[in-house]
Amino acid sequence: MHIPDGILPPYLSIVGYGITGGMTWYSLRQINREKNPQEKIPKASLLTAAFFVSSLIHIPIPPTSIHLILNGLMGIVLGYYAFPAILIGLFFQAVMFQHGGLSTLGINAVIMGIPAIFAYYIFRLKYLLGNKPFFTQVFSFLAGASALGISAAIFIMITITNIPAEIDANTEKNAILASLIGYSIQMLIEGIFTVMLISFLEKVKPEILNL
Amino acid sequence: MENKHKYIFILALILGLNYTQKGLTHGSNIEYIFTKAINIKATYENGDLIKNGQVTVYNPSDPANPWLKGFTNEKGEFIFIPDYSITGNWEVKVRQAGHGNIITIPINQDSVNDSKTETTIKAENEGNNNVKSLNLNNTKYTIQQKLIMAGFGIWGCVGTALYFSRKKAEQ
């Protein structure tokens with residue numbers, strides 16, 4: 001789901017940086033409104049590390065393999081801290097492992113960061129129904145899976161509308177649409193993984209979730 | 001004397017037919033030369049092969065329009081022979097499902113000379129490897145290298161977490 005350098009036209013990279021700049025400003029503004037903005041930084045740092053290494057752990061799903069994104073989990077646990085955390089994680093992935101790219105850092109942050117904020121609000125919906133463990137599981141699954149689903153949808157929308165003229169558009173479209181199967185499976189895996197981790201945290205250290 | 005004219009006529013006829021044989025029989029010819037090709041191998045970050053990925057090759061004199069188009073094979077490979085008269089940085093792009101990579105291949109005067117030398121050597125040795133292989137996954141780190149880099153990244157994040165935790169404890 002990381003778009004590498006050289007795939008997108010330059011104007012889109014600039015637009016990506018523009019949106020990311022705006023989202024970073026808004027996230028920092030929201031963070032600054034908290035009583036102690038530095039309080040969640042250790043938590044954000046540790047989850048940034050998890051996000052950073054998650055791209056190296058591949059789960060084989062024939063004929064290809066996938067890796068966890070964890071943006072839903074980051075959104076649930078970190079709230080608005082998730083966006084800058086994902087941005088930093090993506091930067092290190094691009095610089096160290098060439099996973100993604102520097103010119104596409106902005107657009108990749110949009111693809112993975114905005115759904116994380118969305119997941120945060122999805123998870124918060126559970127408070128409307130009461131603080132029962134069952135609802136925690138349901139909404140953590142929805143948040144984890146939907147964050148990945150939205151990321152995949154944005155990725156597909158961007159890549160399918162920016163196929164260069166010099167390549168066979170139909171072949172590329174078919175390949176992109178075929179990748180939806182993999183993303184559907186990944187949605188389920190991310191959802192289940194998020195449920196497992198959130199349920200564990202709820203039992204062991206519920207203050208992490210601000211429950 | 002009459003017989004002598006007869007033999008000359010027959011000889012002239014045979015030579016004439018032989019001369020026009022090429023045109024009459026639609027003859028074909030196959031020639032071969034050894035030359036240096038470039039073999040591109042395209043993989044994803046995790047090492048998976050990019051099979052049937054779309055390849056576009058750009059020469060330095062016209063970087064806006066593809067010089068060659070094609071597809072990678074089942075091994076993620078694509079072989080092409082660049083025009084060695086066009087020196088500069090050639091670019092090869094492989095794309096599949098929004099993923100892919102781009103590689104720059106410098107073709108300079110040394111490459112041209114190298115190509116000629118290679119041609120001679122291979123012709124003499126009935127060469128079996130006149131293909132220069134390049135991996136399109138620009139960074140082919142070993143697992144150990146990746147683990148060390150990941151370790152440093154994690155330690156950076158953990159260090160940040162510890163720093164801010166300490167500050168909180170002091171307060």
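The analysis underlying the following values was restricted to heavy atoms, covering all of them including side chains, and did not include hydrogens, waters or symmetry mates. In what follows, every chain begins at residue 1, and chains take the letters A, B, ... in the order their sequences are listed.
Pairing each heavy atom of B/R95 with each of A/I167, the nearest pair is CD-CD1, 3.7 Å. Scanning all heavy atoms of the two residues, the minimum distance from B/K93 to A/G6 falls at NZ-O, 3.3 Å. The minimum heavy-atom distance linking A/A175 with B/A97 is given by the pair O-CB, 3.5 Å. Among all heavy-atom pairs drawn from A/V53 and B/A150, the shortest one is CG1-CB, 4.2 Å. Closest approach of B/G98 and A/I7 over heavy atoms only: O-CG2, 3.9 Å. Residue B/C157 comes nearest to A/A49 through the heavy atom pair CB-CB, 3.6 Å, listed as atom of the first residue, atom of the second, then distance.
With a 4.5 Å cut-off on non-hydrogen atoms, A/I163 touches chain B through its backbone and its side chain both. The contact between B/T56 and chain A is made entirely by side chain atoms (from C-beta outward), counting heavy-atom distances below 4.5 Å. Heavy atoms closer than 4.5 Å to chain A are found in both the backbone and the side chain of B/Q96. For A/F52, the part lying near chain B is the side chain, with the backbone staying farther off; criterion is any non-hydrogen pair under 4.5 Å. There is no contact between A/N174 and chain B, counting heavy-atom distances below 4.5 Å.
Aromatic pair B/Y44/A/H67: centroids not less than 6.0 angstrom apart.
Note: B/S165 OG to A/E39 CD = 10.5 Å, rounded to the nearest 0.5 Å. Separation of atoms CZ (A/F97) and NZ (B/K146) is listed at 7.0 Å; rounding is to 0.5 Å.
Contact check on B/K69 versus A/E166 returns no salt bridge, with no Lys/Arg side-chain nitrogen under 4.0 Å from an Asp/Glu carboxylate oxygen.
Per-residue heavy-atom pair counts under 4.5 Å with chain B were compared for A/D168, A/I3, A/L8, and the maximum is reached by A/D168. When B/Y58, B/W155, B/F152, B/F71 are compared by the number of non-hydrogen pairs under 4.5 Å with chain A, B/Y58 comes out ahead. When each of A/T48, A/L46, A/T171 is checked for heavy-atom pairs under 4.5 Å with chain B, A/T171 comes out on top.
Heavy-atom neighbours of A/F141 CZ from other residues, nucleotides or ligands within 6.0 Å: above the threshold of 12.
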